[in-house]
Colleague: 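Below is the structure I would like to discuss, written out as structure tokens.
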Amino acid sequence: MEIIIASSNLGKVKEFNSIAKDIKFTTIKECCPDIVFDPEETGSTFQENAMIKAQAAVQLLQSLDCHVANAPGNNDIVIMSDDSGIEIEALDGRPGIYSARYLREHGLAGLLAELGGNPNRKCRF
């Protein structure tokens, strides 16, 4: 079985392959190396953003002549997506779905500055 991950992040393939040895994981970028896959994540939850990426991957594979184990549109193709971020208790769950953008703009130093002297460093990813 092959699962296409709705991402251009090759690191995700390594992570998933280390967990599920009987499944071949590949990214959109590996299927269609000449494209840029970066759908705008406009959802208000991690789940909504994951769905946006999955739907964008389906549309892309159906519209392009990309090489995948099964032809685009074949029901045997499985596309998987995820979305994640860091939710910090002291910041009321922020940056959450905005984690990547926040860290690109402010970096870890900005995040620590926002936490200031708050001793609560409890968070989840």
Side-chain angles (χ1 to χ4, degrees):
M1 169 184 250
E2 179 177 10
I3 296 179
I4 298 171
I5 302 170
S7 174
S8 293
N9 183 345
L10 299 177
K12 287 187 188 284
V13 170
K14 285 183 182 178
E15 292 172 13
F16 287 117
N17 281 328
S18 72
I19 296 168
K21 305 277 188 216
D22 297 337
I23 300 171
K24 179 183 186 290
F25 292 94
T26 188
T27 65
I28 291 290
K29 188 69 174 170
E30 292 171 300
C31 295
C32 307
D34 297 331
I35 60 97
V36 174
F37 183 77
D38 190 20
E40 187 175 355
E41 298 175 27
T42 57
S44 60
T45 65
F46 293 121
Q47 183 176 354
E48 287 175 4
N49 283 338
M51 284 299 292
I52 288 168
K53 288 186 268 191
Q55 290 167 342
V58 168
Q59 291 172 351
L60 177 70
L61 291 175
Q62 288 176 339
S63 69
L64 297 176
D65 185 21
C66 297
H67 170 73
V68 290
N70 303 298
N74 186 328
N75 290 333
D76 293 337
I77 294 176
V78 175
I79 295 178
M80 181 173 89
S81 68
D82 73 319
D83 192 40
S84 61
I86 188 166
E87 297 176 322
I88 301 171
E89 189 174 285
L91 299 178
D92 298 321
R94 289 184 297 106
I97 63 169
Y98 306 107
S99 294
R101 284 172 261 183
Y102 182 97
L103 290 171
R104 272 194 303 271
E105 291 176 22
H106 306 286
L108 183 56
L111 184 62
L112 293 172
E114 189 172 348
L115 280 168
N118 191 324
N120 182 1
R121 297 293 201 244
K122 200 174 190 181
C123 61
R124 67 181 184 177
F125 187 77

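Just so we're clear, the structure is a prediction, and the values are computed from it rather than from any experiment.
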Colleague: Heavy-atom count check: over 12 atoms from other residues, nucleotides or ligands less than 6.0 Å from Met51 CE?
Modeller: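 For Met51, atom CE is not crowded (no more than 12 foreign heavy atoms under 6.0 Å).
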
Colleague: Which residue pairs pass the salt bridge (Lys or Arg N to Asp or Glu O under 4.0 Å) test with at least one member in residues 54-63, sequence neighbours excluded?
Modeller: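 Residue pairs with at least one partner in residues 54-63: there are none.
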
Colleague: Quick one: does any side-chain atom of Ser81 pair with a main-chain N or O of Ala50 as donor and acceptor, under 3.5 Å?
Modeller: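 Present.
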
Colleague: Can you name the side chain to side chain donor-acceptor pair (under 3.5 Å) partners of Asn49, sequence neighbours left out?
Modeller: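 Scan of Asn49 (side chain to side chain donor-acceptor pair (under 3.5 Å), adjacent residues dropped) gives Asp83.
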
Colleague: Once you round to the nearest 0.5 Å, how far does OG of Ser99 lie from CD1 of Ile86?
Modeller: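 If we round to the nearest 0.5 Å, Ser99:OG and Ile86:CD1 are 6.5 Å apart.
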
Colleague: Checking Thr26 now: which residues fulfil side chain to side chain contact (heavy atoms under 4.5 Å, CB included) with it, not counting sequence neighbours?
Modeller: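 Counting only residues at least two positions away or on another chain, Thr26 forms a side chain to side chain contact (heavy atoms under 4.5 Å, CB included) with Glu2, Ile4, Lys24, Glu30, Cys31.
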
Colleague: For residues 105-116, which side-chain N or O atoms pair as donor and acceptor with protein atoms under 3.5 Å away, sequence neighbours left out?
Modeller:
from: Glu114; atom 1: OE1; to: Tyr102; atom 2: OH; distance (Å): 2.6
from: Glu114; atom 1: OE2; to: Arg94; atom 2: NH1; distance (Å): 2.5
from: Glu114; atom 1: OE2; to: Arg94; atom 2: NH2; distance (Å): 2.7

Colleague: Check for me, please, whether Ile88 and Phe125 land in the same ILVMFWY cluster - side-chain distances under 4.5 Å, paths through other members count.
Modeller: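 Same cluster.
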
Colleague: Of all residues at least two apart in sequence or in a different chain, which pass the side chain to side chain donor-acceptor pair (under 3.5 Å) check with Asp92?
Modeller: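 Testing Asp92 for side chain to side chain donor-acceptor pair (under 3.5 Å), a comparison that skips the adjacent residues, returns none.
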
Colleague: Which residues pass the side chain to side chain contact (heavy atoms under 4.5 Å, CB included) test with Glu48, sequence neighbours left out?
Modeller: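 Scan of Glu48 (side chain to side chain contact (heavy atoms under 4.5 Å, CB included), adjacent residues dropped) gives Ser44, Thr45.
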
Colleague: For Ala20, check side chain to side chain contact (heavy atoms under 4.5 Å, CB included) against everything at least two apart and list the hits.
Modeller: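 For Ala20, the residues satisfying side chain to side chain contact (heavy atoms under 4.5 Å, CB included) (neighbours in sequence not counted) are Ile23, Phe25.
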
Colleague: Verify side-chain contact (heavy atoms from CB on, under 4.5 Å) between Ile28 and Ile5, making sure each step is shown before the conclusion.
Modeller: CA-CA 6 Å; Ile28 291 290; Ile5 302 170; over 6 Å; no

Colleague: Under the salt bridge (Lys or Arg N to Asp or Glu O under 4.0 Å) rule, what pairs show up with a residue in residues 115-125, not counting sequence neighbours?
Modeller: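 Pairs touching residues 115-125 that pass the test: Glu87-Arg124.
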
Colleague: Which pairs pass side chain to side chain donor-acceptor pair (under 3.5 Å) with one or both residues in residues 11-22, sequence neighbours excluded?
Modeller: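 Listed by first then second residue: Lys12-Asp82.
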
Colleague: Would you compute the distance between atom CG of Leu60 and atom NZ of Lys53 and round it to the nearest 0.5 angstrom?
Modeller: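 Here the rounded value is 15.0 Å.
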
Colleague: Considering only Ile, Leu, Val, Met, Phe, Trp and Tyr, and joining two whenever side-chain heavy atoms are under 4.5 Å apart, list the other residues clustered with Tyr98.
Modeller: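 In the cluster with Tyr98 are Phe46, Ile97.
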
Colleague: Restricting to salt bridge (Lys or Arg N to Asp or Glu O under 4.0 Å), what partner residues turn up for Lys29, sequence neighbours left out?
Modeller: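 Listed in chain order: nothing, the list is empty.
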
Colleague: In residues 32-42, what donor-acceptor pairs under 3.5 Å come from side-chain atoms, sequence neighbours left out?
Modeller:
none

